[in-house]
Each structure stands twice: as C-alpha cells, then as structure tokens.
There are 2 protein chains.
Amino acid sequence: MRTQNTGQTQNAGIHDDSGTPDPLDDKTFARICRALGHPARVKIIRHLLAVDSCICGRIVEILPLAQSTVSQHLKILKESGLVEGTVDGPRSCYCVNRELFEAFRKTMEDFTESDQDHGKQ
Amino acid sequence: MRTQNTGQTQNAGIHDDSGTPDPLDDKTFARICRALGHPARVKIIRHLLAVDSCICGRIVEILPLAQSTVSQHLKILKESGLVEGTVDGPRSCYCVNRELFEAFRKTMEDFTESDQDHGKQ
DNA sequence: ATCGTTTATCGTATATATACGATAAATAAA
DNA sequence: TTTATTTATCGTATATATACGATAAACGAT
C-alpha cells in the first residue's frame, strides 16, 4: 500500500510546534473552498470524516453519479490537499487530511478574530 | 438607502429560537464554499468582516482587478447570500451576512461532531 | 496465463467562471 | 440642465468545471 501523489501545489496549514495550525493564506483557503464547492464533494468529505477512510467503490454507491464522475470529484479533492488516497491492490482508499482540515477551520475562526495580512493574491 | 435583491435561491442557516444557527444542507454549504472559492473573494470577505461595511470603490482600490471584475465578484458573493448590498446614492455599500456566516462556520464544526443526514444532493 | 474487479484516464459535450473594456444607469454636484 | 462620479451590466475571449460512456491499467483470483 503506497501513498499517491496529491498534485497539490502548496502544503500550507501544517502546524509548527505551537500546537495550533498556521492560518492558511487566501490562495490556499480559496483552493480548499473551491474543492468543497460542489454538493457531491461535500457529501464525500462528510462521509470520509464519519467513517475515517473509505474505498472509491463505496463512495460511488452512495452518490447518484457515474463512477468516472465520482473519480473526478475525488481527484479534485486530492488536488486540493484536503483528501489523501492510497492504493491497496486494485482499490483506492481515501481519507481526509485532518491537519489541513483543522487549519482550514481555524482560518475561518480567525476571520472574525483579527485583521492580519494573508499573503498576496 | 434601499436593500438590493440578493438573487439567492435559498435562505438556509437562519437560526430558530434555539440560539444556535441551523446547520446548512450540503447544497447550501457548497454554494457558500463556491462563493469563497476565489482569492479575490476571500480578500473581500476578510475586508468586510474587518471594517463591517464598505463601498464598492474602496474594494476596487484594494484589489488588483478591473472595476467590472470586482463588481462581478461582489455579485457572486451576493448571490451566495454571504454578502448583502445596499444602494446609497450612486454608491453601493456591502456587508457580510454574519448570521449566515456563523451558520456556515457552525456547519463546518459539526462535520467532525456528528454524522447526520444533510438533505438530498 | 486468463479472467474478473476496481479505479483512473480519455474523449467529448455542455455549462459556468474569469477577466477586461465599453457602456448604461443612477445620482450628486455645478 | 449639464457634468462628474460611481457602479452594474453587456459583449467577448479564454479557461475551467461537470457529466457521461468507453477504455486502459493494476491487481487478485482461478
């Protein structure tokens, strides 16, 4: 069982030794929002958070979409960094990158807490 | 000063008498994520949360984009329901719908707290 | 080695997003 | 009333997203 390439361009949100995750810059935050910007992908994330990890085929069963379409949605989620996939035999197993998910959530919290600079557009 | 039509199709997330906002269904949640799925729009939301309300022209000054493009981004934010606009003379004044923003945030919190049903896709 | 299972990718059609300049519409100011 | 200011909308070009069926690729099972 080996880890797949995520294809994501940044790796923001990984916490340092402070215990809390670093806030995401606007571009990274927007990238994750965009990944969550489709009902099917929201359902996928919700399911993965609930069951911890899940193979592609199970997600295909849950959604009213063709296998190829689900695979495409999973690819978008992987590219955002929010989801990670591992190959296990002929199967693909997916799970949420909880560290990044927490960083995302924390960034939202900070939206109303402070008014810092958050990187170039 | 009159309120503009938002163009949004749903009005989810408005709390009942329980004190906490209702969680958003997947479609509504995705709609808001999509609205936040561009760095310029993240910047706009961040700014509006910081200054409470702001006219279009000021946002145009802040972003490295043409006025028409900023207006388009503001329209997308309005259509999501996350931002509301009022016309004041020749100006347009924008602010965040904080109730919906809180509902959005609360929905994210619930992602790891429970495993409820969240409406049809 | 062949076959079945699982999943990614390709090809494709259609729709939506993103950017800009030009222009219209609304109002304040002169 | 004319002019300036402000902002939305139109037109347009290009890019990305979304959906599907078909097919390839990887692997386990026989």
Side-chain angles (χ1 to χ4, degrees), chain A residues 1-9 26-27 30-44 48 53-80 82-95 121, chain B residues 1-9 26-27 30-44 48 53-80 82-95 121:
Chain A
M1 201 200 277
R2 60 191 171 74
T3 302
Q4 291 174 307
N5 187 345
T6 64
Q8 78 191 92
T9 51
D26 290 342
K27 198 178 160 194
R31 176 161 55 86
I32 292 172
C33 280
R34 183 158 230 163
L36 289 172
H38 191 288
R41 295 196 291 267
V42 174
K43 273 197 175 16
I44 291 170
L48 288 180
S53 81
C54 179
I55 63 166
C56 173
R58 177 76 188 114
I59 297 171
V60 172
E61 285 173 10
I62 292 167
L63 296 174
L65 294 168
Q67 179 270 321
S68 59
T69 305
V70 172
S71 201
Q72 211 170 16
H73 281 306
L74 284 167
K75 189 181 179 185
I76 289 167
L77 285 168
K78 266 201 302 181
E79 282 169 356
S80 80
L82 204 53
V83 160
E84 287 161 354
T86 52
V87 176
D88 180 17
R91 283 164 250 269
S92 275
C93 192
Y94 292 96
C95 64
Q121 194 219 359
Chain B
M1 203 200 278
R2 59 193 173 72
T3 302
Q4 294 175 306
N5 186 347
T6 64
Q8 79 191 90
T9 52
D26 290 341
K27 198 180 160 194
R31 175 162 55 84
I32 293 172
C33 280
R34 183 158 229 160
L36 288 171
H38 191 287
R41 295 196 291 266
V42 174
K43 274 197 173 18
I44 291 171
L48 289 180
S53 80
C54 179
I55 63 165
C56 174
R58 178 75 188 114
I59 297 171
V60 172
E61 285 172 9
I62 291 168
L63 296 174
L65 295 168
Q67 178 269 323
S68 59
T69 305
V70 172
S71 201
Q72 211 169 15
H73 282 306
L74 285 166
K75 190 183 180 187
I76 289 167
L77 285 169
K78 268 202 301 180
E79 282 169 355
S80 80
L82 205 53
V83 159
E84 288 161 354
T86 52
V87 176
D88 179 17
R91 282 163 251 269
S92 275
C93 193
Y94 291 95
C95 64
Q121 192 218 2

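Computation of the quantities below employed the complete heavy-atom set of this structure, encompassing side-chain atoms and omitting hydrogens, waters and symmetry-equivalent molecules. Residue numbers start from 1 in every chain, and the chains themselves are labelled A, B, ... in the order their sequence lines are given, proteins ahead of strands.
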Worksheet item: Quick one: does B/L82's side chain get under 4.5 Å of B/L36's, heavy atoms only?
Response: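 The answer is yes, as the side chains (C-beta and beyond) meet within the 4.5 Å cut-off.
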Worksheet entry | Validation row: B/I59, B/C54 side chains within 4.5 angstrom (heavy atoms) |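 Of all side-chain heavy-atom pairs linking B/C54 with B/I59, at least one is under 4.5 Å.
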All N/O donor-acceptor pairs, side-chain side in residues 63-74 of chain B, below 3.5 Å, sequence neighbours left out:
{"residue": "B/H73", "atom": "ND1", "partner": "B/R41", "partner atom": "NH1", "Å": "3.0"}

Show the nearest heavy-atom pair for residues [X] and [Y], with the distance to one decimal.
X	Y	value
A/C56	A/Y94	CB-CE1, 4.0 Å
A/P39	B/A30	N-CB, 3.5 Å
A/S53	A/C93	OG-SG, 3.7 Å

Extract from the structure each pairing of a protein N or O with an N or O of nucleotides 20-22 of chain D at less than 3.5 Å, listing the distance.
{"residue": "D/dC20", "atom": "OP2", "partner": "A/A66", "partner atom": "N", "Å": "3.0"}
{"residue": "D/dC20", "atom": "OP2", "partner": "A/T69", "partner atom": "OG1", "Å": "2.9"}
{"residue": "D/dG21", "atom": "N7", "partner": "A/S68", "partner atom": "OG", "Å": "3.3"}
{"residue": "D/dG21", "atom": "O6", "partner": "A/S68", "partner atom": "OG", "Å": "3.3"}

Item to complete: Give B/I55 one of three labels, base, sugar-phosphate or nothing, depending on what nucleic acid heavy atoms sit under 4.0 Å from its own.
Response: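 If one applies the 4.0 Å heavy-atom cut-off, B/I55 turns out to touch the sugar-phosphate alone, with no base involved.
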Worksheet entry | 5' priority, DNA chain D, between A/G37 and A/P90 [closest heavy atom] |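 Nearer the 5' end of the strand: A/G37.
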Find the distance [X]:[atom1] to [N]:[atom2] and express it as a whole number of Å.
X	N	atom1	atom2	value
B/K75	C/dA19	NZ	P	16 Å
B/D88	D/dT5	CG	C1'	14 Å
A/L74	C/dT7	CG	P	10 Å
B/R91	C/dT27	CZ	P	13 Å
B/L63	D/dT7	CG	C1'	15 Å
B/K78	D/dT9	NZ	P	7 Å

Item to complete: Identify, with sequence neighbours excluded, every residue that meets salt bridge (Lys or Arg N to Asp or Glu O under 4.0 Å) alongside A/R91.
Response: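 Not a single residue meets the salt bridge (Lys or Arg N to Asp or Glu O under 4.0 Å) criterion with A/R91.
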Discussion item. Check the phosphate of D/dT6 against B/Y94, side-chain N and O only, distance under 4.0 Å to OP1 or OP2. Yes or no?
Written reply: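 False: B/Y94 side-chain N/O out of range (4.0 Å or more) of D/dT6 OP1/OP2.
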Item to complete: Calculate, to the nearest 0.5 Å, the distance between atoms NZ and CD1 belonging to A/K27 and A/I32 respectively.
Response: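 The distance works out to 13.0 Å.
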Pairs under 3.5 angstrom, nitrogen or oxygen only, protein versus nucleotides 13-17 of chain C, please.
{"residue": "C/dA17", "atom": "O3'", "partner": "A/R34", "partner atom": "NH2", "Å": "3.4"}

Worksheet item: Tell me, which pairs form a salt bridge (charged side-chain N to carboxylate O under 4.0 Å, His left out) where one or both residues lie in residues 54-74 of chain A, sequence neighbours left out?
Response: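 Residue pairs with at least one partner in residues 54-74 of chain A: A/R58-A/E61.
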